[in-house]
Structures are given as structure tokens and as C-alpha cells.
Amino acid sequence: MSDKTSTSAPRIDVAAVGDALLGKWRTERLESRRLAEDPRLHTIPGQTMDEHRERVLEQLGILVENGAIQRAFPSDLGGGDNHGGNIAAFQELVLADPSLQIKSGVQWGLFGAAILHLGTRPHHEKWLPDVMSLKLPGAFAMTEIGHGSDVASIGTTATYDPDTEEFVIHTPFKGAWKEFLGNAALHGQAAVVFAQLITQGVNHGVHAFFVPIRTAERELLPGVGSEDDGVKGGLNGIDNGRLHFDQVRIPRTNLLNRYGDVAADGTYSSAIESPGRRFFTMIGTLVQGRVSLDGSAVRAMQAALTIAIKYGAERRQFPGASGRETVLLDYGQHQRRLLPRLAETYAMTFADDRLLTVFDEVFSGARDTDENREDLETLAAALKPLSTWAALDTLQEAREATGGAGFMAKNRLTGLRADLDIYVTFEGDNNVLLQLVGKRLLTDYAAQFKPGDRAAIAKAAAAQLGDRVSRFGLRQVGQSIADLGQIARSVESLRTTDAQRALLTDRVETMVAEIALALREATKNVPKGDKRAKAIAGEDAFNAQQHKLIEAARAHAELLQWEAFTEGIEQVADAGSRQVLTWLRDLFGLGLIEKHAAWYLVQGRISGQRAEAVTAYIDRLIGRLRPYAVDLVDAFGLTPGLLRAEIATGIEAERQEEAHAYVEAEKAAGTWPIHEKELRAREKERAKAKQPA
């Protein structure tokens with residue numbers, strides 16, 4: 001802890017806070033971090049794309065040798081049946097090389113996981129051992145040039161031929177070409193291809209198929225085309241490319257048939273009758289990508305802030321009243337740009353552990369229900385956008401806060417910023433994901449009322465929704481509008497946990513209620529029975545409310561993060577640490593209120609004076625937290641081998657002390673030259689002294 005902290009101030013137990021941040025899968029995270037310190041897994045700045053690609057492929061072999069990728073696979077096939085631990089360990093690999101992390105995610109988290117979760121036992125036995133050992137590198141061929149996030153509308157077809165008992169995989173136009181696929185340009189020997197399953201003249205929607213694409217010598221198989229995406233804005237250790245298929249035939253048994261099957265005669269069958277529900281069930285099994293990216297982005301934020309704060313606590317700039325130059329982190333603006341982001345990172349770290357817990361409960365089978373799967377998908381879609389956006393923001397701010405040093409590749413910030421750019425559109429564009437969350441919020445809201453009960457919805461909107469049930473994953477806590485006017489009368493009350501929760505919750509609920517009412521009102525004058533007119537009116541109304549819906553989903557995710565932070569503090573027994581973490585949580589919560597002050601003012605939740613009081617108190621909190629900044633990033637537990645940033649090694653403090661010692665020695669020896677300004681001041685004093693009284 002900083003020497004500037006008084007002896008009566010609370011102290012941080014860095015180890016205890018660190019354990020809380022590591023979460024439930026502490027052991028797996030630490031194992032992965034030890035592996036990530038291996039120089040063989042590290043990025044080499046300036047390496048050519050071709051060299052980087054081959055290096056990353058070799059790195060995947062190192063992961064296999066070290067037993068780092070087997071956790072999620074079945075134990076009887078050499079795995080560990082440890083779904084949560086697998087994702088936790090994967091998230092830490094971003095500290096080694098993001099290209100390595102994402103290519104391993106393609107191989108085992110997408111290609112292998114699709115076979116595991118969409119296939120059945122014969123598929124597992126046939127392909128998973130070779131997938132796990134890297135004998136069979138593969139691609140995950142879902143995204144198409146022409147459809148992106150709209151997977152249900154993809155153009156690739158898989159048409160069944162009963163005469164040969166084969167599916168014919170075909171991309172009928174360029175918009176159906178599979179795009180941005182890792183392992184597609186060079187290394188993949190097979191792909192899980194998502195295509196419209198057509199049999200007996202009926203399209204049964206999107207299904208997944210195992211399709212060989214190359215020989216072990218990297219020669220494309222007949223009918224398979226590939227194009228290299230070439231140099232990208234980041235992650236150039238991954239061979240991203242396009243795949244297209246010209247009447248490629250595969251055996252009927254290559255259909256990954258957990259949720260839908262085709263008999264030899266072409267008859268289709270599925271245990272899930274609804275095509276829509278079947279599609280979303282299949283896609284939902286692949287939610288681990290979003291869970292993985294959420295925590296990976298948070299680890300990048302931890303690294304960036306550790307580098308920037310440690311450097312800021314040592315680097316000096318401009319003389320201060322003490323006579324020495326001032327430490328950067330003692331400047332108010334420097335604190336303002338880094339400490340709120342530190343609070344946000346803590347909130348997102350605890351939220352990621354909650355998300356990972358829900359994920360493990362579902363995929364381990366402990367709580368694998370339709371409701372929990374839906375909650376998991378919504379929670380992942382809520383948290384991944386905010387953390388990946390925040391990672392880019394934090395990396396950029398850390399880069400600027402470290403000046404020219406932050407622009408040097410050896411200090412990691414620019415490389416991480418470039419590599420994590422794509423995380424915001426990996427596994428779904430962030431705005432699309434938040435729209436999914438918003439729709440779920442509307443569905444849950446509407447479920448409280450009888451179908452068509454417009455009056456009830458209007459009444460609920462006016463009353464700010466009343467009291468409702470709450471659970472982590474989907475927030476349904478009610479708060480009376482009358483109560484908030486009482487709660488928010490002073491900044492003192494705003495500092496309480498209950499007041500922050502009430503204000504953050506009220507914003508979500510009010511926004512959802514207003515959107516629901518607007519959507520209902522937009523169709524009230526449509527003639528009954530005119531389904532087409534009602535559909536058009538509903539689509540227009542939804543489009544008009546789309547921005548508000550996404551903002552409501554964002555507010556919902558922010559509330560979840562605040563709640564996770566609040567619950568995370570309870571895991572820490574040390575009183576001093578709890579106090580400091582509470583201040584940090586308050587900085588996050590009140591920071592959200594300050595960020596959305598315009599909404600709270602327009603809605604009459606707080607007055608202008610109270611808004612000013614919030615900002616003033618945030619400034620006080622930041623000053624109060626300044627002495628703990630280094631301890632708070634030390635709690636992340638990121639060793640020099642994980643950071644690999646010269647400016648975070650203490651080298652700047654050594655330079656500063658060397659310079660200070662030199663100046664002091666020169667002054668003591670009387671050889672330090674006098675500054676012109678001081679000389680003139682002395683001359684003025686002497687002249688003044690010579691003047692007669």
C-alpha cells in the first residue's frame with residue numbers, strides 16, 4: 001500500500017482480494033497463467049503474418065502437450081468434464097498471445113465443441129480424440145458473407161439424396177460463402193458447416209454437418225474452395241479465410257444429429273417440434289464463445305490498468321510544490337481517467353465469475369433446464385458487449401495515459417488493442433446481442449399481463465412497474481416512483497447500497513415499461529383481423545424503439561455488474577479490504593448514475609443539485625482510492641511474465657531515483673548551476689536591499 005496512506009486508514013489484504021477476483025475456478029486460472037508465462041507461447045512483435053501463423057499452430061501443440069485443452073471433453077475420451085474450469089483457463093490465455101487464444105478457441109471451443117454438443121456418441125468417438133490431439137484441425141463454418149449475425153437465414157444448403165444416402169453441401173451464390181473462419185485459409189482439414197437441411201422438398205432449417213475440406217498435406221478436396229483473408233487489423237497469427245462448396249457430398253451420418261436426424265429414406269425427425277425453438281436450442285449450445293470472450297476482455301483490462309497504474313505511480317512530470325516533479329497518478333485528471341475504469345474492471349471481473357458459474361451449472365447438468373439455458377444465453381448476451389467495448393476503451397485510455405511509452409510494442413498496449421478490436425463483433429455484433437437482451441426483457445415484462453391487456457400495461461408504466469421478483473440473470477426488481485423521490489434527497493443517501501440499487505433498477509424498469517407501452521400503442525388502431533397491417537405497424541414501431549431497447553439492455557447489464565460487485569465484496573472477510581472495495585463499488589455505481597445523469601434529471605429522479613453532488617462525491621472517492629491504486633491492481637495477480645511490459649517492471653522508478661540522486665549530489669557539491677529565473681530573483685532582492693529605507 002502507498003506510503004501516502006495514514007496509519008489509521010484501512011489496509012488492503014492483497015492476497016484475499018486476489019482470491020476473490022480469481023473466483024470459483026482459482027486453480028484452473030493459476031494453472032493457465034503459469035502456462036501463459038512460457039516464452040514459447042508469447043507474441044513476437046513485428047513477426048510476419050506467415051511466421052506468426054505457423055508459430056501459433058505450433059503453440060496449439062504445446063497446449064495439448066500440457067493438458068491445457070482437454071478439460072471440457074468427456075472423461076472417457078480423455079477429457080475432464082470440467083466446463084467452467086475449461087473456460088476460466090481459456091480466458092487467461094489472452095495474456096500469452098490473443099492469436100493463440102482465439103485459434104485454440106476455434107479448434108476446441110468451436111469446432112470441437114460443435115461436435116460435442118451438436119453430435120451424438122458415434123460422432124464423439126469418431127472425431128473428438130483427433131480433435132483433442134490436434135491431429136484433426138478444423139474450422140467452424142457458420143458465418144456467411146451475406147448474413148453475418150442472421151444465422152437463421154444463411155444461404156448454404158445441405159440437400160439429402162436418398163439414392164446415395166448422402167447430403168450435398170452447396171453454396172449457391174457468393175453471399176453464402178462462409179467467411180472470417182479461423183483455420184479455413186491453411187490449417188483446417190475439416191469444418192463443421194451450418195446449412196439449411198433440405199429433404200423430401202422441405203427445408204427443416206439450419207443444422208450442422210461435419211465436412212472434410214483438406215488432406216493432411218493441406219490440399220483442398222474436390223468441390224471445396226478456399227480464399228485467404230490475408231492481413232487483418234489484429235490476430236494475424238490466425239489463418240482466417242473463406243470457404244465455399246460446389247456440390248460436395250458427405251455421408252448421411254455426418255449430420256450432427258443431436259437435435260434433428262434424417263433416416264435413410266429421407267424422413268426427417270426431431271424431438272423438438274418447433275423449428276424456431278429447435279434452431280435456438282442448437283445455437284444456444286454454443287454460448288460458451290460469448291462467455292469466453294467476456295472474461296478474456298476483462299483479463300485484457302486488468303493487464304492494461306496494471307501497466308498504466310504502475311507506470312503512473314512512478315513517472316514524474318512537471319515540478320510540484322515539494323520541489324520534485326509530480327507523480328502522474330497524483331494529478332486529479334490522471335486519477336479520473338484510470339480509477340473509474342479500475343472500478344469498472346472489478347465489477348466486470350465479479351460479473352464474469354457469476355456468468356461462468358451459471359454456464360457451468362447448465363453444461364455440467366447440475367441445473368440444465370430450459371429456463372436456465374435461456375437465462376444463460378441472455379446473461380452472456382448482456383455482459384459480453386459491455387466487457388468487450390470496455391476493453392477497447394480501457395486499452396486506449398491506458399495507452400494515452402502512458403504517453404509515448406504506451407505506443408511502444410514492447411509495452412503490450414497497442415498489440416492488445418489491435419487484437420481485441422475484433423472481440424466486439426466475435427460471436428455476434430454487440431448491438432445485436434443487446435437487442436436480444438432487450439427482447440427478453442420485454443417478453444418477461446409482457447408475461448405479467450393478460451394477452452391484449454393494454455390498460456394494465458399502461459397502468460404499470462405509470463406506476464413504474466411496482467414490486468416484482470428478482471434473480472441474477474434477469475432483473476425483475478420493482479421500485480415505486482414515489483419512493484425514489486424520498487431516497488435521493490441527498491448524496492448521503494445516494495451512497496447507500498439500497499439507494500444505488502434502487503436508482504439503477506428503476507432506470508431499467510422505466511425504460512422497459514415505456515418501450516412496451518409504445519409498442520402496444522403503435523398497433524392499437526390497426527383494424528382487427530388485418531394481420532399484415534399489424535405486422536407492418538409492429539415492425540415499424542419496433543424499429544423506432546430499437547435504440548431505446550438497446551439502451552435498456554445496456555442499463556440492465558450495468559445493473560447486473562453492479563450487483564455482482566456488491567456480492568463479490570461479501571466474499572472478502574478482511575474489514576479493511578471490504579471498506580476499500582466498497583468505496584470502489586460506490587465509484588462504479590455512482591459513476592453509472594453520473595454517466596446517465598441526463599436520464600435521471602429528465603425523469604425527475606434526482607435534482608440538478610443532487611447530480612452535482614454525485615460528481616463532487618465521485619471526485620472525493622477517487623482521491624480516497626488513490627493511495628490504494630497499486631494494491632488494487634496487484635490483486636489481479638499478473639506477474640511480470642504475464643504482463644511483459646517494460647514500463648510495469650519498476651524501471652521508471654529506478655530512472656526517477658537515479659535522476660533525483662544525481663541532482664541532489666550536484667547540489668550538495670555546489671556544482672549544480674543556478675537557474676536564470678532564480679538568478680534574476682536574487683539580483684532583484686539584492687537591488688531591493690541596497691535601496692535606502
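Just so we're clear, the structure is a prediction, and the values are computed from it rather than from any experiment.
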The test is side chain to side chain donor-acceptor pair (under 3.5 Å); show your working for Arg585 and Thr566 and say whether it passes. CA-CA 7 Å; Arg585 191 283 315 274; Thr566 302; 3.0 Å; yes

Indicate yes or no for a side-chain donor-acceptor contact from [X] to the backbone of [Y] under 3.5 Å, with no hydrogens or angles considered.
X	Y	value
Tyr628	Pro10	yes
Lys384	Gly428	yes
Arg29	Ala88	yes
Thr402	Arg399	yes
Tyr600	Ala611	no
Ser607	Arg610	yes
Ser387	Val298	no

Pairwise distance [atom1]([X]) to [atom2]([Y]) - rounded to 0.5 angstrom:
X	Y	atom1	atom2	answer
Leu519	Lys548	CG	NZ	10.0 Å
Phe565	Gln500	CZ	CD	10.5 Å
Leu328	Tyr311	CG	OH	7.0 Å
Leu21	Arg26	CG	CZ	11.5 Å
Arg624	Leu584	CZ	CG	12.5 Å
Leu560	His556	CG	NE2	4.0 Å

Contact check, side chains of [X] and [Y], non-hydrogen atoms, under 4.5 Å:
X	Y	value
Asn431	Gln546	no
Pro98	Leu416	yes
Leu386	Leu434	yes
Leu235	Leu420	no

Donor-acceptor side-chain pairing of [X] and [Y] below 3.5 angstrom:
X	Y	value
Glu325	His660	no
Arg33	Thr639	no
Asn430	Thr425	no
Arg315	Gln317	yes
Asp506	Gln603	no
Thr510	Arg605	yes

Any salt bridge linking [X] with [Y]? Criterion: basic side-chain nitrogen under 4.0 Å from a carboxylate oxygen.
X	Y	answer
Arg290	Asp294	no
Glu92	Arg299	yes
Arg11	Asp574	no
Glu344	Arg341	no
Glu657	Arg324	yes

Nearest heavy atoms of [X] and [Y], plus distance in Å:
X	Y	value
Ala304	Leu395	CB-CD2, 3.5 Å
His334	Leu329	CD2-CD1, 3.8 Å
Leu413	Ile307	CD2-CD1, 4.1 Å

Give me each pair satisfying ring pair (Phe, Tyr, Trp, His ring centres under 6.0 Å) with a member in residues 389-443, each pair once, sequence neighbours excluded.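 For residues 389-443, and leaving out neighbouring residues, the ring pair (Phe, Tyr, Trp, His ring centres under 6.0 Å) pairs sorted by first residue read Tyr423-Phe426.
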
Would Glu361 and Asn372 count as a side chain to side chain donor-acceptor pair (under 3.5 Å) if you check the C-alpha gap in whole Å, the side-chain angles of each, and the deciding distance to 0.1 Å? CA-CA 9 Å; Glu361 288 174 348; Asn372 286 340; 5.8 Å; no

Cationic tip of Arg507 within the cone over Trp599's six-membered ring, i.e. under 6.0 Å and within 45° of the normal?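 Judged by the rule, Arg507 and Trp599 form a cation-pi pair.
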
Would you check, one step at a time, whether the test side chain to side chain donor-acceptor pair (under 3.5 Å) holds for Asp352 with Gln91? CA-CA 10 Å; Asp352 173 63; Gln91 291 171 346; 3.2 Å; yes

Does the plane of the ring in Phe318 sit parallel, tilted or perpendicular to the ring in Tyr331? Use 30° and 60° as the thresholds.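 If you compare the ring of Phe318 with that of Tyr331, the planes turn out perpendicular.
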
Stepwise, does the salt bridge (charged side-chain N to carboxylate O under 4.0 Å, His left out) test hold for Glu558 with Arg554? CA-CA 6 Å; Glu558 290 169 344; Arg554 186 196 293 261; 5.3 Å; no

Below 3.5 Å, can you tabulate the donor-acceptor pairs from side chains in residues 642-653 to any protein atom, sequence neighbours excluded?
residue : atom : partner : partner atom : Å
Arg644  : NE   : His42   : ND1          : 3.4
Arg644  : NH1  : His42   : NE2          : 3.4
Arg644  : NH1  : Leu95   : O            : 3.1
Arg644  : NH1  : Gly641  : O            : 3.1
Arg644  : NH1  : Leu642  : O            : 3.3
Arg644  : NH2  : Leu95   : O            : 3.1
Arg644  : NH2  : Ala96   : O            : 2.8
Glu646  : OE1  : Lys410  : NZ           : 3.3
Thr649  : OG1  : Glu646  : O            : 2.6
Glu652  : OE1  : Arg655  : NE           : 3.1
Glu652  : OE1  : Arg655  : NH2          : 2.7
Glu652  : OE2  : Gln656  : NE2          : 2.7

Is it true that atom NZ of Lys24 has more than 12 heavy atoms of other residues, nucleotides or ligands lying nearer than 6.0 Å?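 Correct, the count exceeds 12.
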
Is the number of heavy atoms from other residues, nucleotides or ligands under 6.0 Å of Glu400 CD greater than 12?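 Atom CD in Glu400 is crowded, with more than 12 foreign heavy atoms closer than 6.0 Å.
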
Please identify each residue that fulfils side-chain hydrogen bond (donor to acceptor under 3.5 Å, both in side chains) with Thr615, with sequence neighbours left out.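 Checked Thr615 against side-chain hydrogen bond (donor to acceptor under 3.5 Å, both in side chains); matches are Glu594.
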
Ring centroids only, cut at 6.0 angstrom: are Phe588 and Phe350 within range, meaning strictly under it?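 Centroid distance Phe588-Phe350: not below 6.0 Å, so no.
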
Take Arg440 and Glu377 through the test salt bridge (charged side-chain N to carboxylate O under 4.0 Å, His left out) and record every step on the way to the result. CA-CA 10 Å; Arg440 175 72 190 278; Glu377 292 159 17; over 6 Å; no

